[in-house]
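Everything below concerns the one structure shown next.
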Amino acid sequence: MLWRTIGLRLLLGVVTVLAVTVLIFAATNVLPGDAARAILGRAATPQAVAKLQAEMGLDRPLVVQYLSWLGGMVHLDMGRSLVTRGPVVDLIAPRFGNSLILLCITSAIVLPLSLATGIAMALTKGRGFDNIANTLLIALAGIPEFIVGIVLIVLLSTQVLSVLPPTSMVPSGQTVLGNPQVLVLPVMTLVLAILPYLSRLVRSALIDAMASEYVVTARLKGLPERQVIVRHALRNSLLPAIQASALSLGYILGGAVVVEFIFQYPGMGTALRDAVGSRDLLVIQAVVLIFACGYVLFNLAADVLSIIVTPRLRG
Amino acid sequence: MVDMASPMDIPAERPKRAWAATLRTAFGYRRTRIGAAITLAILVIALAGPFLAPYEPSAFISKPFAKPGAEFWLGTDVRGRDVLSRLLYGGLAVVWMSVAAATIGMILGASVGMLAAYSRGWLAEVLMRVMDVFLALPTIILVLMVVSLLGPQKWLVVVLVGISHMPQVARVSQGVAADVAGRDFVLFAEALNVPRWKILLREILPNIMTPLLVEYGIRIVWSIAGIAALSVMGYGIQPPEADWGLLINENRGRLATRPLPVLAPAILIALFALGVNLMAEGLSATISGVARKTGAK
Amino acid sequence: MLDMHEAGRAPATGTGNWALRVRNLRIELPQGGDIVDEVSFDIARGEVLGLVGESGSGKTTVGMALLAYARGGARITGGEIWINAAGGPVNILAHDGPALRRLRGAAVAYVPQDPASALNPALSLQTQLAEVLEAHEPGLSAAEKDRRIRESMDDVGLRGDAAFLARYPHQLSGGQQQRIGIAMAILLRPAVIVLDEPTTGLDVSTQNRILEVVRRLCDEHHIGALHVTHDLSVISAIADRMLVMYSGRVIELGSVADVFNRPHHPYSQALLSAVPELLSRSALVAVPGSPARPSERPPGCFFAPRCALAEGACQAAAPPLALCEPDHEVACHKAGAVATNAPMHLPDPDPVPARPVLDVAGLHVAYGRLKVLKGVSFSVHKGECLAIVGESGSGKSTLSRAIVGLVQGARPGLSFHGEALHPHARKRTTPQRQKIQYIFQSPFNSLNPRQTVASILGLVHDTFNRTGADERQRACIRALNLVGLPARTMNLFPDEMSGGERQRTSIARALLSNPEILVCDEVTSALDVSVQASIVNLLKRLMEEQGLTIVFVTHDLALVRNIAHRVLVLEHGVVAELGPVGQVIDHPAHPYAQELLHNARQGDLTLRVARQGEGG
């Protein structure tokens, strides 16, 4: 039963990804502004356009084009960049690695931090810590992440203090891990962008659980308060927290585009931004697809985790 | 038995109490009042700004990055244009674009969500699965992908940001509408053969208005962030127009030495988003307050 | 029997035969004012005290206060609650922190109202039972824990093996969940248990079995129990003595036999006269008005505004609780005077002539693969009230919804005046939709909270008529007056009305379309018994005055006796029995109908009181 449910979710995830590929492919092929014309510009002669179309395989039927593109994606053969003429994979792989590092470090910090902050706020509801933290977080929640990034640059690497590099560019041939100082500001920015949302969600989920009938029952059974909180309330408030964490991770993926841009961080976001600038369609398609897959994957993981912690969903 | 009363005995039609009460409760929270004040101030700057600006926003009137002084209160920018004037001119676009994008997202999303909640069955399933597909494409990514093909145009950005809001709004409205759609008064209207659109508008919509308004606020906040971010990255509003996001993009190269042309628009964008967010927070507090009141028994 | 009254007045120090002593309990709302005040009573060991009251009486608040717990910001601000615990008498209100925690569960335990939400959905039964032992007796060995848990499971009649204990709450039936709640409460052999409406929402047969378990456990283990309920018949089945509350005050306290046979308070008299009897039809008595909210209580006796006997003294000063006969206390200036006569008994109604208006022929309804109705056939005759009864899962609610065309998987099988009715309301003709109207179970759910009554009723009027605003308003007010509501109701929102007023509004809404048949689906089950009486009386009056035909769906056979001409017994989607009300209730032929009636007799208030009288 458990495996059947998980299998069903997995299937649903695959269908979603397939639908996304159709959407991406359609957007880049059906919309006016064909790839060849996009590269060559408006002034190109019809002959030149036709030649490039043939070279890119754009003269084949759309379905054939889609299937060959999809087949390539599955085999990690993403075609050749229209700009550098090199394989898209080689261009994206190091960027993908850097984005993954940013994602891992950020989530390793923000998930436990949000959980702790949310619990602390719920337990001091309406009193000291909760009042202060909640007010700060409500204010922070409204501020766009790139502005947080700008303010951090001003505070920590230029005007006030000058302890961190304002940009995260690394010399070619080196990785971000070799220059850990460049990670600090982007990670801080992303943490500050997610913390308000996630911690306040944990707070309200825990407050709801604390007001539930089963917590009243647990108290009236004479259980120690710590056990009431940990075993009874916290456990049941995990469910919304798991779903929200998946959304947050997806948000890091997407929102990181701007943050990467602000810090010139060599990740997928800047790769996308640059590819848009040079109309490098195959790179754009590949990056967007990776983002979408990541999103679907996070949600799948959250679904499976939810089923595992919730007996009712297990059937 | 009660005597037959004539219609004259009925007091005159009362105001829409439910609405007045919700708003009054919302403004009882300090965060709502602060948020409304900030939002109002930003709206005044954005709308009245062009009439107050001392210079033409695109006029090159000085050397680049002149220091603030009596002549140019906030100094000049990378091209030697007056920063204050560009600030005063530069709010209008982000204000109308973010409100318009949020409105598009709300109309699309709420329609899909309410339809899914009300129809249930396979139609609901298909609608929500399609929303999941859209959800897998974050705002910025979706806009960047399409803008790379069609070029950066304001209406395109507005429509795309609006569409990118649709799945989240649909999820939220489907959740709240499903609760209402299953209640007996909807079933009663169903038995009376009241047209389906009328049931959606008359029976269901008024009952989910408050959560939808909260969502509207949140969507405006996200629109501000998204649209400003696109301008900052150079794919939103295009030069030589004055725009807060664009100001950041143009002047960020000298952030280390001349932070004001970057910080000033950044602060205005942040305040706008903050103000709307605080109002949404206040409104959402009224919902949980009501839930607490009725949930007690 | 022990003289509880004398024992109750003695200072709470001795360790005699008492289990609980409550003195002058007062509980206040956060914004000031009290929910409950001047509440004092005793419970002996092995005794069950029934605490009865309608919604808003403060009965649940008192129940939880016995564990020194108050909900929703309310505070216990005065009084003493002495528990004769194993270690000697303790006043639980004098403790807090770890000391209070050790008393909860061990000295006094709580059985919650709705076990489905009171048991933690994420934890297995084993965990939830074992943690009680671990919290109070930390040194227990695993084997000893298992033994104690098995013993308790045995006590409540559940399996105590590892496989069963590994289950989660959602894998149990409602009755099993409630047994787990009780097993959890008696695990530590407390001196007192508080049962908060433990049988509400369960079928009569399940209810009877749970009550037997509670009664037996209190006898065997000498536990004193406070059984909180709105259901007088539950009290008569389980309690030794009973306590009636109204507006946060104790108004009558005495043995169950005394209070039932000689109620001294006008409210107790009214409450008893509002309960329908299974074995004969009676003229139910409704109490006019509704209880005042805590902030709007009148000076003097809180019941005075609704009391037929009230006079100057009643409005001037609140009457104290005083003895009216041995072991029987009442708080009333007019104690003992007859305010409400015992209800008049009526003969069963003559059958109406067999002129079918609605024919059901071989009706099938399925939700997916689940068959709910499997070929149901019967006719409804003009001017009669046909009751449809059955336990939960019998399909009676589905049947009533199918009649108005509100179920998805229905097949054809209905006709109205000889014309076929489409399974779906939307596909029926306008006159068909107009002439068959439906009234929903919950008046809290069936009126749009965002619309005024005027706009709720206006929709119905406009659906079937094209008139100006004046005519619409006149029609709506006429309908409101028919159900006994004043014209000013028009401008109210549903949440400004009481449950009874809302249900009347629902009925007015149905009447607006000038129907022939009114389908009533458990229309009184969400209402207090005194309000139920007024709604039943209203429906009877409408039948007589307006010539309405009523299809009355219910689980309550006593109610059926009171209103119906004929009864249809539904068992798992099949008609088990159909006949005149007197015949089906007094001489059921079908085995399922017999079982249903047997359970109903077990649960009937009048019969229980009579049995108790015989048993001594």
Side-chain angles (χ1 to χ4, degrees), chain A residues 12 15-17 19-20 22-24 27-28 31-35 38 135 138-148 150-151 153-154 157-159 162 166 204 211 247 250-251 253-255 257-258 261-262 269 272-273 275-277 279-281 284-285 287-288 291-296 299, chain B residues 31 34-35 38 129-130 132-142 144-151 164 168 218 221-222 224-226 228-230 232-235 245 248-249 252 255-257 259 262-263 265-267 269-278 280-281 288 291-292 295-296:
Chain A
L12 219 58
V15 171
T16 308
V17 169
V20 171
V22 173
L23 206 66
I24 294 171
T28 44
L31 282 180
D34 151 297
T135 308
I138 287 177
L140 197 57
I143 299 174
E145 64 276 39
F146 66 88
I147 292 180
V148 173
I150 291 173
V151 172
I153 293 178
V154 171
S157 57
T158 53
Q159 298 292 314
S162 198
S204 67
L247 278 180
Y251 165 80
L253 272 180
V257 174
V258 199
F261 171 77
I262 288 287
L272 177 65
R273 196 255 171 198
V276 170
R279 304 195 166 186
D280 200 344
L281 275 184
I284 295 175
Q285 285 176 336
V287 173
V288 174
F291 278 133
C293 286
Y295 176 86
V296 170
N299 275 286
Chain B
R31 62 187 79 156
I34 296 176
I38 294 175
R129 288 293 152 233
V130 171
D132 277 355
V133 173
F134 275 98
L135 209 52
L137 295 172
T139 310
I140 302 272
I141 309 242
L142 180 75
L144 283 180
M145 185 172 84
V146 179
V147 160
S148 70
L149 291 157
L150 297 182
S164 78
Q168 285 287 10
I218 295 170
V221 174
W222 280 85
I224 297 168
L230 284 165
V232 169
M233 289 166 53
Y235 292 109
I248 296 176
N249 176 294
R252 74 198 153 85
L255 183 60
T257 49
V262 173
L263 274 185
I267 288 168
I269 294 169
L271 280 178
F272 184 28
L274 178 68
V276 178
N277 196 48
L278 285 178
E281 282 283 347
S288 43
R292 225 168 282 133

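Within every chain, numbering begins at 1; the chains are lettered A, B, ... in the order of the sequence lines, protein sequences first and strands thereafter. Being a predicted model, the structure only gives us computed values, none of them experimental.
Looking at Ile269(B), the atoms closer than 4.5 Å to chain A (heavy atoms on both sides) sit in the backbone and in the side chain alike. At a 4.5 Å heavy-atom cutoff, the contact between Ile138(A) and chain B is made by backbone and side-chain atoms alike. With a 4.5 angstrom heavy-atom cutoff, Val296(A) touches chain B only via side-chain atoms. Residue contact with chain B, scored on non-hydrogen atoms closer than 4.5 Å, involves the side chain of Leu12(A) exclusively. The contact between Leu144(B) and chain A is made by backbone and side chain atoms together, counting heavy-atom distances below 4.5 Å. If you measure heavy-atom distances from Phe272(B) to chain A, you find no contacts under 4.5 Å at all. For a residue to count as touching a neighbouring chain, one of its non-hydrogen atoms must lie under 4.5 Å from one of that chain's; by this rule Val232(B) touches chain A with backbone and side chain alike. Neither the backbone nor the side chain of Leu142(B) comes within contact range of chain A, judged by heavy atoms closer than 4.5 Å. Only the side chain of Leu137(B) comes within less than 4.5 Å of a heavy atom in chain A; its backbone stays farther off. Both the backbone and the side chain of Val133(B) come within contact range of chain A, judged by heavy atoms closer than 4.5 Å. Using a 4.5 Å cut-off between heavy atoms, Ala280(B) does not touch chain A at all.
Counting heavy-atom pairs closer than 4.5 Å to chain B, the top residue among Gly269(A), Gly142(A), Ala19(A), Ala141(A) is Gly142(A). Note: Ala273(B) leads Ala273(B), Gly234(B), Gly275(B) in heavy-atom pairs under 4.5 Å with chain A. The candidate from Thr16(A), Val287(A), Val15(A) with the greatest count of non-hydrogen atom pairs under 4.5 Å with chain B is Thr16(A).
Note: Thr135(A) OG1 to Leu278(B) CG = 10.0 Å, rounded to the nearest 0.5 Å. Taking CD1 of Ile248(B) as the start and CD1 of Ile262(A) as the end, the distance is 7.0 Å to the nearest 0.5 Å. Here the CD1-CG distance, from Ile140(B) to Leu272(A), works out to 10.0 Å after rounding to the nearest 0.5 Å. Taken from CG in Asn249(B) to CZ in Phe261(A), the straight-line distance is 5.5 Å, to the nearest 0.5 Å. Rounded to the nearest 0.5 Å, atoms CD1 (Ile143(A)) and CG (Leu271(B)) are 8.0 Å apart.
Residues Arg252(B) and Ile150(A) have side chains not in contact (no heavy-atom distance under 4.5 Å, counting atoms from C-beta outward). When side chains are defined from C-beta on, Met233(B) counts as touching Val257(A), because their heavy atoms get closer than 4.5 Å. The closest side-chain heavy-atom distance from Gln168(B) to Leu247(A) is below 4.5 Å.
The two atoms that bring Phe146(A) and Ala225(B) nearest to each other are CE2-O, 3.6 Å, heavy atoms only.
Side-chain atoms of Tyr235(B) come within 3.5 Å of backbone atoms of Arg273(A) as a donor-acceptor pair (strictly under, hydrogens ignored).
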